[in-house]
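Written below as structure tokens is the structure these notes are about.
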Amino acid sequence: VDVTAKGMDIFGKLHSFNAVKDASSSKHFLYDGTRGKGVHTFKANRMPETSFILLSGLLGLTGFEVESNKNFFYDPAAVSAHINASKTFDYFKNIHGRNSLDNNGMKLVSTVHIGDKWNNAAWNGKQMLYGDGDGQRMISLSGGLDVIAHEMTHGVIEKTTNLIYENESGAINESIADIFGAFAENKTGEGLWLLGEDIWTPGIQGDALRSMSDPGSVYIGGYTEDGYYPDHYDKRYLGELDRGGVHINSSINNKAAQLITDGGTHYGVTVNGIGKARTEKIFYRALTLYLTPSSGFAEMRQAAIQAARDLHPDRNGAPSLEVQAVMAAYDAIGVY
Ligand SMILES: O=C(NO)[C@]12CC[C@H](CC1)C2
Ligand SMILES: [Zn+2]
């Protein structure tokens, strides 16, 4: 039976959400049958992430039902994952008309409390997995809506272009995950362009895992020449660490997306921004119609221009403002 349940998220905020009540045991579970084929959230009781990722990927293991006491749920990490998965489902449905990750209502399965103080989250091809963080570097990653939407976008990418997860195509994969992570979270102000800011270093305010508007403001250590995330194609990481820099070079395309949205001058190139509503449609169309599994930065530029031209045709032979913004943004990050 679909019921409305309540619970606190990891920030102590109270939420009401859909759950189901087992008729016989009258226990409630974190299953929301109102979105696609369902949003179902489990817990792993700190099973090591390596075995969980393997078993869930291979055998579809999902972990244990999260039970409530009457209809109040006392597992904040699970409540956060459940709420944020639902919000991301609604983002793809309402903004892009996409019915879950596969556009066929695919059930959204998440499992929290994976590993012991695991500072990470992952999409394993079947479901979302969340660590609790170590409490210093990160707290439960299910509390970060941008992180959850980032992971779910990996699922969307897999069901559409399936960009190869290494080198340039992997960086575009990561960047698209960041882009829709940011747009689904839809914060106003600086938080919009920060990734993981809600779950990153609880002791320090204002920092984040990555910045899309100012990649070079986040230190990444010895990967790049200056030790900071790159904000230009000429500064890309060319080594083989991080599967050829997928989480490093993604920042270059992230900067292009931020310039297309907000506008700005970058390395002397000025972009006139077109806003979030048009930018997110351009990237969604580029992802679902024009990118291919091996697409790198040059192909990303062409796909975004073509998508922008479809949505905002040339007028009297001149490119629309939206197409001009895309071209200028990719010029600004050195991708021609
Ligand atoms: O970029 C990622 N995965 O590909 C991250 C790294 C930290 C957040 C959770 C997982 C995002
Ligand atoms: Zn990712």
Side-chain angles (χ1 to χ4, degrees), residues 10 44 49-50 52-53 56-57 77 80-81 84-85 88 101 110-115 117-185 187 191-202 204 207-212 215 218-221 223 229-230 237 241-255 257 283 287 291 293 300:
I10 66 163
E49 66 273 12
T50 42
F52 194 93
I53 290 173
S56 59
S80 286
N84 287 330
T88 309
L101 307 186
S110 309
T111 304
V112 295
H113 302 312
I114 289 177
K117 300 188 174 63
W118 189 38
N119 281 326
N120 210 337
W123 163 261
N124 71 350
K126 284 203 167 71
Q127 64 161 94
M128 269 76 77
L129 311 162
Y130 299 101
D132 293 321
D134 60 13
Q136 304 293 328
R137 184 174 161 82
M138 292 186 189
I139 55 178
S140 175
L141 282 88
S142 64
L145 175 51
D146 54 2
V147 167
I148 287 194
H150 172 111
E151 292 314 324
M152 281 179 63
T153 302
H154 279 310
V156 172
I157 293 168
E158 223 174 82
K159 302 286 181 189
T160 53
T161 304
N162 202 12
L163 284 152
I164 297 162
Y165 200 61
E166 63 180 13
N167 305 324
E168 289 206 8
S169 53
I172 299 301
N173 186 321
E174 269 300 311
S175 173
I176 287 176
D178 279 352
I179 289 166
F180 289 118
F183 286 166
E185 186 177 59
K187 276 189 181 173
L192 170 64
W193 299 117
L194 293 177
L195 190 93
E197 69 281 7
D198 290 345
I199 52 100
W200 183 249
T201 59
I204 305 166
D207 63 347
L209 203 68
R210 296 193 271 274
S211 165
M212 299 172 73
V218 181
Y219 184 69
I220 191 168
Y223 292 93
Y229 278 99
Y237 170 70
L241 296 175
D242 184 35
R243 304 173 78 113
V246 300
H247 292 96
I248 301 165
N249 296 330
S250 52
S251 285
I252 300 163
N253 196 59
N254 288 351
K255 181 60 187 172
F283 276 99
L287 170 68
L291 288 174
M300 177 70 250

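Remember, it's 1-based here, ligands and their atoms both numbered in the order they're listed.
- None of the N, O or S atoms belonging to D178 lies under 2.8 Å away from the Zn ion (ligand 2).
- Remark: E174 does not engage R243 in a salt bridge, criterion side-chain N to carboxylate O under 4.0 Å.
- Distances from the Zn ion (ligand 2) to the N/O/S atoms of H150 are shortest for NE2.
- Closest of all the heavy-atom pairs between F183 and W193 is CE2-CH2, 3.6 Å.
- In plain terms, the two heavy atoms of S110 and A81 that are nearest each other are CB-CB, 4.4 Å.
- Minimum heavy-atom separation, A44 to I114: CB-CG1, 3.6 Å.
- In this structure, Y237 has no side-chain hydrogen bond (donor to acceptor under 3.5 Å, both in side chains) partners at least two apart in sequence or on a different chain.
- In plain terms, the two heavy atoms of M138 and L209 that are nearest each other are CE-CD1, 3.8 Å.
- Closest approach of G57 and N124 over heavy atoms only: N-ND2, 3.3 Å.
- Around ligand 1, the residues contributing at least one heavy atom under 4.0 Å from the ligand are N120, A121, L141, V147, H150, E151, H154, Y165, E174, L209, R210, H247.
- The atom name of the N/O/S atom in E174 closest to the Zn ion (ligand 2) is OE2.
- Closest approach of T201 to D207, counting heavy atoms only: OG1-OD2, 2.6 Å.
- Among the atoms of H247, no N, O or S atom is found under 2.8 Å from the Zn ion (ligand 2).
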